[in-house]
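Have a look at the structure below before the remarks.
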Amino acid sequence: MRAGTVFTTHTPVPAGIDRFDRELVARHFGERGELPGVPVEKVLQLGMETYPGGEPNLFNMAVMGLRLAQRANGVSTLHGAVSRGMFAGLWPGFDAEEVPITSVTNGVHAPTWVAPEVFRLGVRQIGTSRAEDALSVGGSQRWDAVADIPDADIWELRRELREQLVLEVRERLRASWRQRGAGAAELGWVDGVLDPDVLTIGFARRVPSYKRLTLMLRDRDRLMELLLHPTRPVQIVVAGKAHPADDGGKRLVQELVRFADDPRVRHRIVFLPDYGMAMAQKLYPGCDVWLNNPLRPLEACGTSGMKAALNGCLNLSVLDGWWDEWFEPDFGWAIPTADGSATDDDRRDELEAGALYELIENRVAPRFYDRGASGLPQRWIEMVRRTLTTLGPKVLAGRMVREYVERLYAPAARAHRSLNADTARELASWKGRVRVSWPHVAVDHVEALEQSAAGGTAELGSTLALRVRVALGELQPDDVEVQAVSGRVDSDDAIADAQTFPLKPAGGPDLEGRWVYEGPLSLDRTGPFGYTVRILPAHPLLAASADLGLVALPTEATGEGAGVLMR
């Protein structure tokens, strides 16, 4: 079952992962429990955090998923990297980059989220079937057709969608105030809420603290200035919902609602409760800018900005989740983060809120209101085009599913088919034999031969011949792979940007039971360069060389096993 299982982890927030006390798990899976005949210790071994940095008495559901699946992934490139760091303890001896967790960036179902008006414009430009294909499977040529749509048509569409949102907001706002006890005579002001010709920023989220719903309120006077600017005003539509048990999230909502109730700004900023799909389908198309300001790197992917982009809405976001890998200044803005410089969360919020205000005031709003001789904001319209043509094919669920199938599901299916009961037993027996023998596996000696220059310095383009003596205990060369690892050396003498090269058996075993491995190491980069040698378990049915979490590295007495060549 493990061979055919893929585990997708969905959150880099530790609080978002279910963890249970071992006694609770033992109670349900012990004698007369859910799996009679399976020893409770066997169940516990699947999820216990028995690794450096873990809590040994906690059963972690994500850890269980990683142990039960031969393949695993995060949901954006950055999230994959964060996950490798989070769970590196499961693969001791390996750098985080080699932890076998890959990533497939999420996508969204375009037919659900693209406004009918946007689709009709696409049909008019490229035809019904090609427009449907573009929304379902992508294809950059179909999306490139957006380049031929006249500026006036794009701008007219954007205003139409904005106006629909304004009417929707007024209707929902009136209903919300009535639920709060307001009478019809008190709500005349609602008819003046929002303006279909004002730059509209959208923000819609569940409301956990890391998504920072109220970051925009950090400097309320400055926010008021943006909302009430005499020539470049901004209006903000916020929709959200806190988990019933999340008291902190509820307090954030209450704080925003109090600000939005201020008669001075309530025509420029609104909060819509009970955020759901029906509301979202109007909100994404009707906004000009989609705001996302989580604490980096706690946003696993964040698909709301994808849904907005499919309707020509520009993203203004912290470089987190999907925006970290696909952001380009041609179609959006990146909010600078202070995660490396701020001394505490409060200072970080202050710095990042300031950066957000600066972007809106000095870059976003001026571009929206910069009208040429035609009366159109041509640079803004060009950003809308680039959003559709560049991001459109990337953010689709079709692209996501294709990547899952090609990179994870098809290999998992092949692995599952290759393991019948007999081969599964053989593989399990081999793993057991390797684990028992591994304490006796060692890199005994490493030497570099035929170095092309004296003094320990080799020249670019030359080749270093490595000769390695290893102990394999009860294992045979077919059970392992001996690798050279080389790359740039950083200030801590650690190898970065590492590349691996297999070494081949060249003789053995000798009288001491040692095997000799040899192979060339090409010196193909300038600057401080280092290398080492390691031994890994090897079997054709393993999905990754780190699968068993076993590695043997040179000791200080090995010789030149961690050589550094300054070139």
Side-chain angles (χ1 to χ4, degrees), residues 76 105-110 112-115 118 154 157-159 161-162 164-166 168-169 194 198-207 211-216 226 234-241 256 269-272 275-277 279-294 296 299-335 337 352-353 355-357 359-360 363-365 367-368 377 380-381 383-392 394-396:
S76 70
T105 303
N106 280 342
V108 295
H109 186 244
T112 296
W113 297 109
V114 171
V118 176
I154 291 177
L157 171 66
R158 294 298 315 144
R159 190 192 185 282
L161 295 171
R162 198 182 310 116
Q164 288 183 15
L165 175 61
V166 168
E168 176 84 4
V169 165
L194 304 188
V198 167
L199 170 62
T200 305
I201 298 176
F203 184 101
R205 292 288 181 280
R206 290 180 299 107
V207 194
K211 290 183 180 287
R212 298 192 294 185
L213 172 73
T214 57
L215 185 70
M216 66 182 75
L226 292 173
V234 171
Q235 57 194 17
I236 302 176
V237 181
V238 182
K241 180 185 291 186
L256 187 67
I269 182 169
V270 296
F271 177 82
L272 302 177
Y275 174 59
M277 282 186 64
M279 184 187 299
Q281 285 173 323
K282 291 290 186 182
L283 188 56
Y284 294 127
C287 292
D288 300 294
V289 174
W290 196 257
L291 175 62
N292 189 27
N293 48 234
R296 187 181 191 272
E299 183 86 280
C301 183
T303 56
S304 63
M306 295 179 173
K307 299 165 189 172
L310 283 172
N311 291 282
C313 178
L314 310 184
N315 275 269
L316 169 62
S317 176
V318 165
L319 288 175
D320 201 4
W322 74 276
W323 192 236
D324 181 72
E325 65 193 272
W326 290 338
F327 160 72
E328 291 180 21
D330 289 347
F331 50 69
W333 297 271
I335 302 171
T337 55
E352 295 184 11
L356 173 61
Y357 299 138
L359 275 172
I360 295 173
R363 295 178 61 186
V364 179
R367 180 156 296 193
F368 181 86
W380 186 279
I381 293 170
M383 291 182 76
V384 172
R385 288 187 205 280
R386 289 300 302 270
T387 290
L388 292 170
T389 57
T390 305
L391 289 181
K394 291 181 178 179
V395 303
L396 299 180

* **Stepwise side-chain hydrogen bond (donor to acceptor under 3.5 Å, both in side chains) test for Thr105 and Glu325** => CA-CA 9 Å; Thr105 303; Glu325 65 193 272; 2.9 Å; yes
* For the pair Arg158 (side chain) and Cys287 (backbone), establish whether a donor and an acceptor sit closer than 3.5 Å, ignoring hydrogens and angles. =>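 Present.
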* **Donor-acceptor contact present, side-chain Asp288 to main-chain Thr200, <3.5 Å** =>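 Answer holds: yes.
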Nearest heavy-atom pair of [X] and [Y]: which atoms, and what distance?
{"X": "Phe368", "Y": "Leu199", "value": "CE2-N, 3.5 Å"}
{"X": "Leu161", "Y": "Pro285", "value": "CB-O, 3.6 Å"}
{"X": "Pro294", "Y": "Arg212", "value": "O-NH2, 3.0 Å"}
{"X": "Ala300", "Y": "Ser76", "value": "O-OG, 2.7 Å"}
{"X": "Arg386", "Y": "Asp330", "value": "NH1-OD2, 2.9 Å"}
{"X": "Lys211", "Y": "Phe203", "value": "O-CZ, 3.8 Å"}

Roughly how far, to the nearest 0.5 Å, is the [atom2] atom of [Y] from the [atom1] atom of [X]?
{"X": "Ile335", "Y": "Leu356", "atom1": "CD1", "atom2": "CG", "result": "5.0 Å"}
{"X": "Trp290", "Y": "Thr387", "atom1": "CH2", "atom2": "OG1", "result": "14.5 Å"}
{"X": "Ser304", "Y": "Tyr275", "atom1": "OG", "atom2": "OH", "result": "6.5 Å"}
{"X": "Met216", "Y": "Ile360", "atom1": "CE", "atom2": "CD1", "result": "8.0 Å"}
{"X": "Gln235", "Y": "Leu194", "atom1": "CD", "atom2": "CG", "result": "4.5 Å"}
{"X": "Met306", "Y": "Leu396", "atom1": "CE", "atom2": "CG", "result": "9.5 Å"}

Considering the options [options], which one meets the side chain to side chain contact (heavy atoms under 4.5 Å, CB included) requirement together with [X]?
{"X": "Val270", "options": "Val238, Ile236, Leu256, Val237", "value": "Val237"}
{"X": "Leu291", "options": "Val364, Ile201, Leu215", "value": "Ile201"}
{"X": "Leu310", "options": "Thr112, Val395, Val118", "value": "Val395"}

* Heavy atoms, side chains only, cut-off 4.5 Å: are Met277 and Trp113 in contact? ->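 They are in side-chain contact.
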* Could you go through the side-chain contact (heavy atoms from CB on, under 4.5 Å) check for Trp333 and Leu314 one step at a time? => CA-CA 8 Å; Trp333 297 271; Leu314 310 184; 3.7 Å; yes
* **Contact list for residues 307-324, test side chain to side chain donor-acceptor pair (under 3.5 Å), sequence neighbours left out** =>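 Qualifying pairs: Arg296-Asp324.
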* Would one find more than 12 heavy atoms of other residues, nucleotides or ligands at under 6.0 Å from atom CZ of Arg159? ->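 Yes.
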* To do: State whether a side-chain donor-acceptor pair under 3.5 Å links Glu299 with Asn292.
  =>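 Side-chain D/A pair, Glu299 to Asn292: present.
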